[in-house]
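The block underneath contains the structure these notes are about, expressed in structure tokens.
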Amino acid sequence: MPRLIADLTPLRVSPAFRRLWWGLGVSNIGTQITVVAVGLQVYALTGSTLAVGTLGIAALVPLVALGLYGGALVDHYDRRRVSLLASSVLWLVTAAIAVQAWLDVGSVNLLYGLVALQSAAFAINNPARTSIVPRLLEPQLMPAALALQTLAFNVALTCGPLVGAVLVARLGYGWAYTLDALLFTAALWAVWRLPAVPPEQPLDDDADPDPTGAAPARRRVVGLSSVLDGLRYLATRPNVRTTFVVDLAAMVLAFPRVLWPAAGALYLGGGETTTGVLAAGFAVGGILASVFSGALVRVRWQGRIIVWAITAWGLSVTAFGAVLVAVGPGAPDGVLWGAVVLAGVALLLAGGSDAISSVFRQSILQTATPDHMRGRLQGVFIVVVAGGPRLGEMVLGSEATWFGEGWAAVVGGLACVAVLWLVVRLQPRFWRYDAHHPEP
């Protein structure tokens, strides 16, 4: 049994990682409160699932525009300083979201704009924070550290939506956003306490990345060529590249979060509270997968685990949609508890599958990428893992307006599985990826 429980060694051996883990874990609770509250506020103002999905586009554009450049900055400046500045901007934007709620502005366009600013700061902050972790721990501890980070994130994904839904239902949006601003100070504190983390060897503007991983000469200016260097480097790394492709297949085609407000209001009953329960069910699956990750972090054939995890993800989303199709959009007066339980179990399985996939995708990226390229590939990573769900919200939101929320989830889940196995057929090396002999 102890071999199944999450390995806590990274927390014991690195005080800096321990502080960062706690600080980000607390602040992520507030982030998830805001994610749910913004979706509920937009739905309350418009009554449209498509309008909620448009939040994804508002976040996606700055994420793509700044994510890659943010990764280049991380490779050439002190990562602690970059993260601290970006975190400060995130706190200010969160405060602005709270102010618009307290003033009862009621503008969907303002919410779109604030979400876009938040996404822009996140696009710089996340590659900086993520690239710091491999400098705080030995390489062999990275799978365990990633499992712990996934655990903390999914705890936040469980508590945040429930707290956010209750605050919105009983106290209003202002209290939800204000609590997020207060909790985010934990992340600021954790980043402030970090040691300086300068890049090991910045690159020269005119130097192409060496396929062997050797760091070229020192860079003087961070520009477009630096971003292009990272993309050219990624083009030579098929296994790392495939981790991005299969995640996009899962998130763009079958990310169900945009359907949850309508599921609570029109299908299952219970409104905001049911929305919070569905979000929590998704997160509990991730928590269980992370808590019992002790054996998983020692898995050798990591590509195969990713493929089977994403297959389970697609089938679980399909099952969630099937529940909605079965009950129909009848706007029930009470809560259909049987259907809520079935939908929650489907999302629990989806959340667990996503957590397993995430641990191994990040493990391949972190261990196969040299430090002087890590920031830029983390920039690509954040564009994929954050931008994919945002684009997926728009895709499923559009599908929901065409043939309903239930069928949108069914079609999306099955499409995800089909595209995944097509990718595996085209990239057979990914199926054979061996953690004992990593080939990026």
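Residue numbers run from 1 in the order of the sequence given.
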Under 3.5 Å, which donor-acceptor pairs do the side chains of residues 109-121 form with other protein atoms, sequence neighbours left out?
unit_1: Y112; atom_1: OH; unit_2: A51; atom_2: O; d: 2.8
unit_1: S119; atom_1: OG; unit_2: A59; atom_2: O; d: 2.5

Who passes side-chain hydrogen bond (donor to acceptor under 3.5 Å, both in side chains) against [X], sequence neighbours left out?
| X | answer |
| --- | --- |
| T311 | W421 |
| Q32 | none |
| T9 | D7, R12 |
| N126 | T130 |

Pi-cation contact, W192 with R80 (under 6.0 Å, within 45°): yes
Flag, side chain of S14 to backbone of P10, donor-acceptor distance under 3.5 Å: no
Qualifying residue, where the test is side chain to side chain contact (heavy atoms under 4.5 Å, CB included) with I306 and the options are I356, I364, L420: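 Answer to the side chain to side chain contact (heavy atoms under 4.5 Å, CB included) test with I306 among I356, I364, L420: I364.
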Selection residues 20-30 - residue pairs positive for salt bridge (charged side-chain N to carboxylate O under 4.0 Å, His left out), sequence neighbours left out: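 For residues 20-30: none.
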Pairwise side-chain contact, [X] with [Y], heavy-atom cut-off 4.5 Å (strictly under):
| X | Y | value |
| --- | --- | --- |
| R304 | F360 | no |
| E393 | V52 | no |
| F184 | S87 | yes |
| R79 | R135 | yes |
| T243 | F430 | yes |
| L194 | R19 | no |
| V246 | V307 | no |

For R361, all residues meeting salt bridge (Lys or Arg N to Asp or Glu O under 4.0 Å), sequence neighbours excluded: D247
All salt bridge (Lys or Arg N to Asp or Glu O under 4.0 Å) counterparts of E405, not counting sequence neighbours: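 Result, salt bridge (Lys or Arg N to Asp or Glu O under 4.0 Å) vs E405: none returned.
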CZ (R81) with more than 12 external heavy atoms under 6.0 Å: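 No, CZ of R81 has 12 or fewer neighbouring heavy atoms, counting only those of other groups under 6.0 Å.
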Pair Y433-Q427, side chain to side chain donor-acceptor pair (under 3.5 Å): steps then yes or no: CA-CA 11 Å; Y433 181 85; Q427 295 288 344; over 6 Å; no
Partner residues of A409 under the side chain to side chain contact (heavy atoms under 4.5 Å, CB included) criterion, sequence neighbours left out: L259, V317, F320
Partners passing side chain to side chain contact (heavy atoms under 4.5 Å, CB included) against A312 (at least two apart in sequence or in another chain): S353
Set of ring pair (Phe, Tyr, Trp, His ring centres under 6.0 Å) partners for F282, sequence neighbours left out: W260, W313
For W175, all residues meeting ring pair (Phe, Tyr, Trp, His ring centres under 6.0 Å), sequence neighbours excluded: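 Partners of W175 by the ring pair (Phe, Tyr, Trp, His ring centres under 6.0 Å) criterion, ordered by chain and then number, come out as W102.
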